[in-house]
Amino acid sequence: MSSHPEVLLEVQGVTVSFDGFKALQNLSLSVPRGSLRVLIGPNGAGKSTLLDTIIGKVRPVSGDVRYRGQSIITWPEHRIANLGICRKFQAPGVLDGLSVRENLRVAAKRTKGVWASLTRTTGRAETQRIAELLELINLTGKADQRADSLAHGEKQWLEIGMVVASDPELLLLDEPTAGMTAQETAKTAELIRSLSGRHTVLVIDHDMQFVELLDAPVTVLHQGQVFCEGDLASLRSNADVMEIYLGRPKDEGHHKGVGYAQT
Amino acid sequence: MDSVFLFGQLFTGLSVASLLLLTALGLALSFGLMRVINMAHGEFLMVGGYLTFLAAQAVGPGFLWLAFPLAFVGTALLGALLEATVIRRLYGRPLDTLLATWGISLILQQAARQIFGSTGVPVTAPPWLNGAVTIHGGPLDSLTFPYVRLFVIVLALVVLGGMWWLLNRTRFGMHVRAVNQNREVASILGVNTRRLDLLVFALGAGIAGIAGVGLAMLSPVNPTVGAAYIVNAFLVVVVGGVGSVLGAGAAALLLGFVTALAEGLTSSSLAQATLLILVVVFLQWKPRGLIPTQSRALEEG
Amino acid sequence: MSHKITDHKKQITFLLALSMLGSSASAQGTVKVGVLHSLTGTMSISEITVANAAQLAIDQINAAGGVMGKKIEVVKEDGASDWPTFATKAEKLLTQDKVVTVFGGWTSASRKAMLPVFEKNKGLLFYPVQFEGNECSPNIIYTGAQPNQQALPALEWALSKGYKNIFLLGSDYVYPRTANLILKKHIAAKGAKLAGEEYVALGGTEFSSVINKIKAAKPQIIINTLNGDSNVSFFKQYQAAGYSATTLPVISFSIAEQEAQSIGPALLTGQYATWNYFQSLPNPTNKKFVAAYQAKYGKNAAITDPMAHAYMDVYLWKAAVEKAKSFEPSAVRKAIVGISMDSPLGKITVAANGSLTQAVYTGQSGAGGQFKVIGQSKGVVTPQPYDALTFPGKSCP
Amino acid sequence: MNRVAQPILLVVTAGALLLAPFYLSAYGLTLLGRVLALSIAAIGICVVWGRGGILSLGQGLFFGLGGYSLAMHLKLAATPKGELPDFMVYNGVEALPWFWVPFVNGPFALAMVVILPTLAAAAVAWLMFRRRITGVYISIITQALVLAFVTWLNGSQGLTSGTNGITDFHTLLGIDLRGEHIARNLYWCTLMVLGAALLSTAWLLRTHFGTLLTAIRDNENRVRFLGYHPAAYKIAAFALGGLLSGLSGALYTLHLGTISPAMIGVTFSIELVIWVALGGRNSLLGAVGGLVLGQLAKDKISSAVPDAWLYLMGTLFVVVVLVLPQGVAGLLERRKPAAPRRKTLGEVSDVVSP
């Protein structure tokens, strides 16, 4: 447990099975309010499945997910999202047929019902906020362009913008920097760091430079379980972590950084 | 229902299921593998029927030896042509394949109408298929199994068996299963997915052609015969679970028996309407069908 | 055709207002009539030949100098086996082409769809096919058999031959349903037994269940009102189940010479049909008609009851026009009552309700697809649109 | 097409349509009125398919419910008091079936024209979207449903008049349907309904609702995990599609004077879709235009060269899908300069804006 006393999200002994294959095995994890947490692990470790489970996309065979102390394991996805949990997917999940501005507006709306969608208009405060977000994700010039015309990196930014626009309490970011240049990656890291505190952030990534920039506690997943936790530096010197990444005996991988293990 | 009638209806169900299965197998293959909704599939059945008619015209009563290869090869070639010219360009757009193939089915129907006329052409079954097995005495006295219907049931079993063998015991089948699981990976591993799509589509068409031979033994072949089967064949695919040959078999049996029992209890129109509603209800219970295929590729479908 | 093109242009350019519509009823010594049948779609096989028969009569009349000195100009339209299309095309014929009468229709559904159009536009339709009765629009001349001119005589014939246990099998639409409703009343009234009653969707080809039901009911004869290709499937599957004309005869109302040819005479040999006309009728008018039709449309062309009616309809109309001395539909309608003539069907007379007084024959199918007449009504039968036993108190105005 | 030409073209077309009774022949007017009535269903398809990405091949079901609701009332109104509709008598039915009884009441029947198809569409949508049935499954299920409906209609002659359908109407709420100026008034009435449907749908699609519909079409999961309930939006869109189809069916029934199973079946439902695809599935005006011109062409060509018509139609299906996936409206859009990309003809929202 970290120094924050209050636990926002608690994953308790969750097991997820796909056709007999156990993607998560009795996994437990707790995330304090306002913290920034990084999840790493080799392919198939269960990182994405964990996020899927939190947002209700995947239902576990056993275990519980508690948010603000309340079990949300049986809730429909949209209600979980409305609690203030927002996820950025691995592949950019932008809304292709809409303009950049509309993408942000969809994310920023507070009321999500059909009736409200017919009657509510966009207020000045909302317009203002969207303008700020556009600035933040550097897409002001392309605000009226269709999202499918954006470059890959821009789409990533747009989706991050959408996640931020929805102003969630808990942000789940799945490889937010895939396809970004080093410069963009650095900027993303800066943005994410600035979000923590007011928001609680859980990031999955492979890119160790990026993880380093985030400068946050790291949890290593392996075969559907928490393998170990700690800061990046201590993990880099951990021979067991090297082994699960490279599948080699401990003594061979030492001289290489974990970062090279990306696939 | 007395027991003779009940068994008679069960046999009817089996017979209906056989034709449904033969029609649906090709659909299940192409739908499962390529996400192609081929509305012209019924017309392959029709073409198979007309080719049977031509075979009968050409060689007389013993035409079956010619009809099977002719119908299979003829429709398979037509299928290959269709795949190469239209369907290939529409992969990943299932709804558009649906509309385009509907157009193709209109063209094929009209062509048949102009060549053969809009009334059905009759095919007389070979003499050895005339007659029936009749039970004499006992509780099932006078229960009859016409040879023609037995023939179609055997035909369906043979084709189903052949398909199972092809998919599970041959290299071709391994490739099909691999592509079904994950197209990208299979292609990286050296499976020529383009060629496989073509072959599978042609195979499915060929099987529909064989179904056409069976159909011609029971009813006249006319331009709309395919349209009469296509909706039910799709339901077999959906109820069976997309892409599952075994599922298609089970679903065809289920639909066949339900149809026969409903027809036993009420008129054929109401039986058909009931069946369609039951399918929709069934999908509420099992939206992915009897034997669902677990694959990530399906998630996006 | 040229007329059609000018009109088409007008419509899409929205330019010329009323100018071109001067092409009315009788320009240049011709008079326009419509022929409206399904030239495409499932019904076309039956209807094209009916349209041909009407065309033959028109050609003959034109060759002999026309009607009241005017040549008949035919506007042919395609109902496309689609009932609403019949209504649309009828409206076009009446309001745009301004035809003085229309020869057309086959299915009851097409007639029902056209009826309001003819009533609204005060047109006149000659309908040549046997039907379920229960209708007498002043704007339609129904020359095909009423139920008492086909279904009931068939029942009487069956009963007279000792078939007392009767199974009713039909396609699921209005004609079989109504005909069978009437037959059931008469079967009960005559003390015979109804073995069962089954309907198969139009175009249905699967008869396994039906044959099981027939087997369970053990009838002596089947009265068959199946339509089109369903007949082929039925007779095939009936034969496969071990039945034949000697073990379980079938008497049909929708199988004529043409259908017999396409079903395959072998499947039908020995089975029965009831009509007002068979190609084999020996009267001289028929001999001439058959010869003329086959000279024009092929020497093996089969000729059926609705074709004979359609052919005769044109002559009836001509006679009525000449009697009324007018092409005006209401005058023609008035004049047509009481007209009597020698036709391929034998002697016919138009009754006040717009239907024909005509004879009824029962035929047995032979090897060549022709029917041999084996029974005949005593003289002609007066048309009764409403069966008195089934629909008491109903009659045409 | 630039931003000046477009409104001018719209005004000219609207004017030409409004004045059509003064220069079209009687037949031309009925034909146009009939086709305009049909095009209301096209608006529904544009919303459900173009914007919602849901391809229903069963719009005939809702069209039929609207048409039959009205036809049942018209039939009862044309039947003398105390008697049964003629077809029931001929089928041996002895008492008015329960579901016919309330349709004696005109206002009730008119309300049902709208309510019944809407409710049916909502119910079908609820069943499908609740279980997250998507894509081609929906097409197959909706097709099965319309087939079931048509089969039931055909097989229940005593209740529905079967293949003949319901026909021979005389009066609607006391108006004589065979009267002198009825064709003209019915035409204008249809034009009004079409205009109202176009404007209100265009407004609807300009709201946040329209945006979300597109969003759900493009990436349902993304929208769901932003906290929206996509099924609710899809049900609403589908119900709207049903409503418009029902209205269209009722008006079409009035124009044609009959409604029958043959008019509402699988073929009809797919044909509607292809005309919309031809015009442009994403554009309201494209969809309506595609349907109107397609139907007019069908009327002309199918009577001139009946055999060629089906080939032409079949080829059109293939060509539209292969070459013009966004229809003619999409083609016009593509010709426009690329950036800065303002809303264009292809995007429904702008199309009817003043």
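Letters go in sequence order (proteins before strands), and every chain restarts at 1. Keep in mind that what you see is a predicted model, and the values were worked out from it rather than measured.
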### Task
Under 4.5 Å heavy-atom distance to chain D, tell me which part of C:Y173 shows up: side chain, backbone, both or neither.
both

### Query
What part of D:T163 is in contact with chain C, defined as an atom under 4.5 angstrom from a non-hydrogen atom: side chain, backbone, both or neither?
both

### Task
Output the residues of residues 146-158 of chain D for which the shortest heavy-atom distance to chain C is under 4.5 Å, in residue-number order; output 'none' if no such residue exists.
D:N154, D:G155, D:Q157

## Note on the structure
Of C:T107, C:N134, C:D172, C:L181, the largest count of non-hydrogen pairs under 4.5 angstrom with chain D goes to C:N134

### C:D78, part contacting chain D, at a heavy-atom distance under 4.5 Å
side chain

### Message
Quick one: does any side-chain atom of D:Y27 pair with a main-chain N or O of C:D97 as donor and acceptor, under 3.5 Å?
### Response
no

### Message
Using a 3.5 Å distance criterion without hydrogens, assess whether the side chain of C:S230 forms a donor-acceptor pair with backbone atoms of C:L226.
### Response
no

## Note on the structure
Looking only at C:I182, C:N121, C:V174, most heavy-atom pairs under 4.5 Å shared with chain D are made by C:V174

### Query
Given a strict heavy-atom distance threshold of 4.5 Å, which part of C:K89 is in contact with chain D: side chain, backbone, both, or neither?
side chain

### Task
Please look at C:L202 and chain D and tell me whether the side chain, the backbone, both or neither of the residue comes under 4.5 angstrom of a heavy atom of that chain.
side chain

#### Entry: Part of C:K185 within contact of chain D (heavy atom distance under 4.5 Å)
neither

### Task
Describe, in one word, how the ring planes of C:Y142 and C:F131 are oriented to each other, choosing from parallel (under 30°), tilted (30 to 60°) and perpendicular (over 60°).
parallel

### Query
Can a cation-pi geometry be assigned to C:R177 and C:Y199, taking NZ or CZ under 6.0 Å from the six-membered ring centre and within 45° of the ring axis?
yes

### Task
For residues C:L125 and C:I141, determine if any side-chain heavy atom of one lies less than 4.5 Å from a side-chain heavy atom of the other.
no

### Task
Answer yes or no: is there a side-chain heavy-atom contact under 4.5 Å between C:W106 and C:Y127?
no

### Message
If you count heavy-atom pairs within less than 4.5 Å of chain D, which of C:V117, C:N180, C:T178 leads?
### Response
C:T178

### Task
Quick one: which of D:T30, D:L19, D:T258 has the most heavy-atom pairs under 4.5 Å with chain C, could you say?
D:T30

### Task
Using non-hydrogen atoms and a 4.5 Å limit, figure out which bit of C:D82 sits close to chain D: side chain, backbone, both or neither.
side chain

### Query
Counting N and O atoms only, with roles assigned by atom type, does the side chain of C:E91 sit under 3.5 Å from a partner on the main chain of C:T88, one being a donor and the other an acceptor?
no

### Query
So, does D:W100 use its side chain to make a donor-acceptor pair with the main chain of D:L159 at under 3.5 Å?
yes

### Task
Answer yes or no: is there an ion pair linking C:R111 with C:E132, defined by an N-O contact shorter than 4.0 Å?
yes

### Task
Please work out which of the three classes, parallel, tilted or perpendicular, describes the rings of C:Y386 and C:F391, given edges at 30° and 60°.
perpendicular

## Note on the structure
Looking only at C:S108, C:A87, C:A80, C:S137, most heavy-atom pairs under 4.5 Å shared with chain D are made by C:S108

### Message
Among C:D387, C:N148, C:T390, which residue satisfies the side-chain hydrogen bond (donor to acceptor under 3.5 Å, both in side chains) criterion with C:H186?
### Response
C:D387

### Task
For the pair D:K75 and D:D86, find out whether any cationic side-chain nitrogen is under 4.0 Å from an anionic carboxylate oxygen.
yes

